[in-house]
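Below is one structure, written out as structure tokens, with a few remarks after it.
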Amino acid sequence: MKSFHGLSIFIFIFFGVLSVQAKVKIERVEPPFWWTGMNNPELQIMLQAEDISQYDVEIDYPGISLSRVEKVPNTNFLFIYLNISSNCQPGYLPIKLKNNKGKIQAEIQYELKKRDKRGEEFKGFSQEDVMYLITPDRFVNGDPSNDDMPGMLEKANRNDKNGRHGGDIAGIDKALPYIKDMGFTAIWVNPVLENNMPAFSYHGYAATDFYKIDPRYGTNEQYRDLSIKASKMGIKMIMDLILNHCGSEHWWMKDMPTPDWINHGTEYIKTNHRRQVIQDPYVSQEDYKGFADGWFVETMPDMNQRNPIFATYLIQNSIWWVEYAKLAGIRMDTYPYPDKDFMTDWTCALMDEYPNLNIVGEEWTENPALVAHWQQGKVNPNGYTSCLPSLMDFPLQGALARGLRDKDTRYGSGLIKIYDMLTNDFLYANPFELVIFPDNHDMDRFYTQVNEDIDLYKMGMAYIATMRGIPQIYYGTEVLMSNTGHPGEHAIIRSDFPGGWEGDEADAMSGKGMTEEQLEAQQVAKKIFNWRKTAKVVHDGKLMHYAPEEGVYVFFRYDDENTVMVVLNKNVKPTFLNTERFHERLDGFSAGKDVLTDKEFKLDELVVPARSALILELD
């Protein structure tokens, strides 16, 4: 410590910020650093320190001007808005805080980094990809030393089904060769931001710091390095973000910048979950506010995106993570719950900065009209527009599970449900951009949904691999993980991946201790998704399907060069298929080779094996 003009001076670095400080103890600077050369020249910097709003701000750096300073009701916050010109060079920007006598009370050296690549060079996930969804705490424990970390309220307890089990970023890193070998080309990881909640923190959906990876998973640097390493292996990184709510232990809940930072202040008023209010032409404002402003649960305060300062903060945070971690996309949780106009601003800001990025929103309803409302290019009666490229196809997921599981009748149930749901694709601006899936972290495992019937499971995998859209598979679904006997129980749905912990009796990655059925299912998934990597006709081809008849459903993926015929047969006996009905797509073809078995089938005498799926590459 040195004395300088009678004041004590401290020098410290946090994230990218070098702070030379006198008298004023800067608690937070967010974003912690930024980049030159961004498409949007404006940058908001949030400063938090005791009574910081009493000070004036001075900026002196070539290519940067101070647009304005926002002082909010809480005097512990200042929001600085900068304009960064296109010719601004990387370096450390001095931000000086002065008292009313013009004396410097604090100086922050704010880092401006050089971009590694332009926003146009960020390539998002697409129909070429198959996502592997991972709940990190339950996947692989690659570093047991971080299971319990100083300052973290909840400790690891693998015996507690609702507790933290220890999976981490190091575990995902360890599993990358397995993920690649299985044919997955993207990983969507459930939230990894700090979740310092006293209980039930493993799921990650109650963030307590939007700029920090939870130390029980690893560090910011480890997350970024995982993304870069995965990319070099041909695996894209998709980050799970939440703009609707934070955790009740978030640091700002103890010192909110504005009284309206959180909807209803600190009072817990539960959402009515009536997502239909967004599109309802007869909606009451009481119902609308009850949906949009209500909290999910008491531990998840509902954030107010109508506050323009907060809106900018959230948009910048998402851009920061894309740029920092070199992301290929974002999965946005509870998409319809935040303010709808803010969600337009958010999607458009991201897509403007990264035109080839992809974002998938979660609108959990089996009503395709409600899902379609949010997609970019959709013409809505209420005039709503969006820049959101993709959504989770919950309507098709529900139809698939019921269509496989239920008995087939001529009109009402079975495979006809899948067919009927797909005919609703006219509602979407672009149905081929939807993410399709057999299950995810919030619903029963697919093997459980089809009553632990491996034949139905294999039909489902064949359908997901060849249908329009972008497939997503939940970790462990490839080895028949189930929650049978525990319907809807999240802790069981999100059970530990076999072999993810030292001493596990079964190991999905090596095959040790796995049952014959598990290994069979795994090989089916591995073969079909590795085939899909180069099956451009499935990535980009057109789709034609035929109404199911007598327990058989047929559809085609085709382009000018290739045709794939997919047949789902639920009958308990081999079924002869009269292919004359499919002449539109079969003209010129006489045979096809099945992707799953490598067997050749003649089309004029096509007998489909009992309770099976055929994926025929026609020739």
Side-chain angles (χ1 to χ4, degrees), residues 12-21 24-35 38 40-59 61 64-84 92-98 105-113 193-194 207-213 220 241-243 245-247 249-262 301 303-324 338 342 345-346 349 353:
F12 62 95
I13 298 176
F14 53 100
F15 290 108
V17 180
L18 171 67
S19 179
V20 182
Q21 168 186 320
V24 180
K25 181 182 179 182
I26 307 295
E27 298 291 344
R28 289 185 182 271
V29 179
E30 293 183 347
F33 52 82
W34 201 247
W35 297 266
M38 303 293 278
N40 185 350
E42 185 174 76
L43 171 64
Q44 175 204 80
I45 301 177
M46 182 192 77
L47 302 180
Q48 183 193 26
E50 186 175 358
D51 289 330
I52 194 172
S53 68
Q54 66 180 296
Y55 302 114
D56 295 323
V57 178
E58 182 180 284
I59 300 292
Y61 192 88
I64 295 182
S65 59
L66 179 63
S67 299
R68 66 186 189 279
V69 176
E70 292 275 1
K71 297 185 178 183
V72 294
N74 186 338
T75 60
N76 294 335
F77 289 88
L78 267 182
F79 291 88
I80 301 171
Y81 292 80
L82 308 179
N83 189 284
I84 304 174
Y92 283 90
L93 159 70
I95 301 175
K96 297 177 182 179
L97 301 180
K98 294 184 174 182
Q105 302 300 292
E107 180 175 324
I108 300 164
Q109 297 291 325
Y110 188 83
E111 186 178 9
L112 294 167
K113 295 177 178 287
L193 296 182
E194 182 192 270
T208 55
D209 192 321
F210 280 81
Y211 280 99
K212 182 181 179 183
I213 297 295
N220 286 22
L241 292 179
I242 311 100
L243 296 179
H245 51 262
C246 62
E249 295 298 319
H250 194 288
W251 60 265
W252 61 42
M253 294 303 296
K254 301 175 180 66
D255 192 30
M256 286 195 291
T258 66
D260 67 346
W261 201 253
I262 298 295
M303 301 189 297
N304 178 22
Q305 305 85 18
R306 292 184 299 274
N307 179 312
I309 295 175
F310 200 4
T312 300
Y313 176 95
L314 292 171
I315 290 170
Q316 284 191 173
N317 176 257
S318 298
I319 291 173
W320 190 89
W321 278 110
V322 173
E323 190 76 22
Y324 175 74
F342 165 78
D345 294 341
W346 178 79
E353 196 68 58

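Source: prediction; values computed, not measured. FYI, side chains are in, hydrogens and waters are out, and symmetry mates aren't considered; it's all heavy atoms of this structure.
Atom-to-atom distance recorded for Leu112:CG and Ile84:CD1 is 5.5 Å, nearest 0.5 angstrom. One distance of note links CG of Leu78 with CD1 of Ile95; it measures 10.5 Å at 0.5 Å rounding. Atom OG1 in Thr258 sits 7.0 Å away from atom CD1 in Ile309 (nearest 0.5 Å). A distance of 10.0 Å separates NZ in Lys71 from CD1 in Ile52, rounded to the nearest 0.5 Å. The CZ atom of Phe33 lies 9.5 Å from the CD atom of Glu323; values are rounded to the nearest 0.5 Å. Note that CG of Leu82 and CD1 of Ile59 are 5.0 Å apart. Values are rounded to the nearest 0.5 Å.
Every side-chain contact (heavy atoms from CB on, under 4.5 Å) that Arg68 has, sequence neighbours left out, goes to Glu42, Glu70, Tyr81. Remark: Asp345 pairs with no residue by the salt bridge (Lys or Arg N to Asp or Glu O under 4.0 Å) rule, at least two apart or across chains. Residues satisfying the ring pair (Phe, Tyr, Trp, His ring centres under 6.0 Å) criterion with Trp34, sequence neighbours excluded, are absent altogether. With sequence neighbours excluded, the residues satisfying salt bridge (Lys or Arg N to Asp or Glu O under 4.0 Å) with Lys98 are Glu58. Under the ring pair (Phe, Tyr, Trp, His ring centres under 6.0 Å) criterion, Phe77 pairs with no residue, sequence neighbours left out. Remark: Glu50 pairs with no residue by the salt bridge (Lys or Arg N to Asp or Glu O under 4.0 Å) rule, at least two apart or across chains.
Between Asn74 and Met256 the shortest side-chain heavy-atom distance does not fall below 4.5 Å. At a threshold of 4.5 Å between non-hydrogen side-chain atoms, the residues Pro301 and His250 do not count as touching. With contacts defined as side-chain heavy-atom distances shorter than 4.5 Å, the pair Tyr313/Pro257 does not qualify. Side-chain contact between Glu249 and Lys254 is present, with at least one heavy-atom pair separated by less than 4.5 Å. Looking only at side-chain heavy atoms (C-beta outward), Phe79 and Thr312 stay at 4.5 Å or farther from each other. Two residues are said to be in side-chain contact when any heavy atoms from C-beta on lie closer than 4.5 Å; Ile319 and Asn40 fail this criterion. Looking at Arg28 and Tyr211, their side chains never come closer than 4.5 Å, going by heavy atoms from C-beta outward. Between Glu353 and Val322, every side-chain heavy-atom pair lies at or beyond the 4.5 Å cut-off.
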Steps toward side chain to side chain contact (heavy atoms under 4.5 Å, CB included) verdict (Leu97, Leu47)
CA-CA 11 Å; Leu97 301 180; Leu47 302 180; 4.2 Å; yes
Between Gln48 and Asp255, is the side-chain hydrogen bond (donor to acceptor under 3.5 Å, both in side chains) condition met? List the steps.
CA-CA 10 Å; Gln48 183 193 26; Asp255 192 30; 3.2 Å; yes
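Among all heavy-atom pairs drawn from Pro73 and Pro259, the shortest one is CG-CD, 3.8 Å. Between Ile45 and Pro31 the shortest heavy-atom distance is CA-CD, 4.4 Å. Shown here for Met303 and Leu243, the closest heavy-atom pair between the two residues is CE-O, 3.2 Å.
A donor-acceptor pair is defined here as one N or O able to donate and one able to accept, closer than 3.5 Å; no such pair exists between the side chain of Asn83 and the backbone of Ser65. Using a distance-only test at 3.5 Å, with no hydrogens or angles considered, a donor-acceptor pair links the side chain of Trp321 to the main chain of Phe210. At distances below 3.5 Å, not a single donor-acceptor pair connects side-chain atoms of Asp51 with backbone N or O atoms of Thr75.
The aromatic rings of Trp261 and Phe310 lie parallel to each other, their planes meeting at an angle below 30°, with 60° marking the opposite boundary. In this structure, Trp320 and Tyr324 have parallel ring planes: the angle between them is below the 30° cut-off, well short of the 60° mark.
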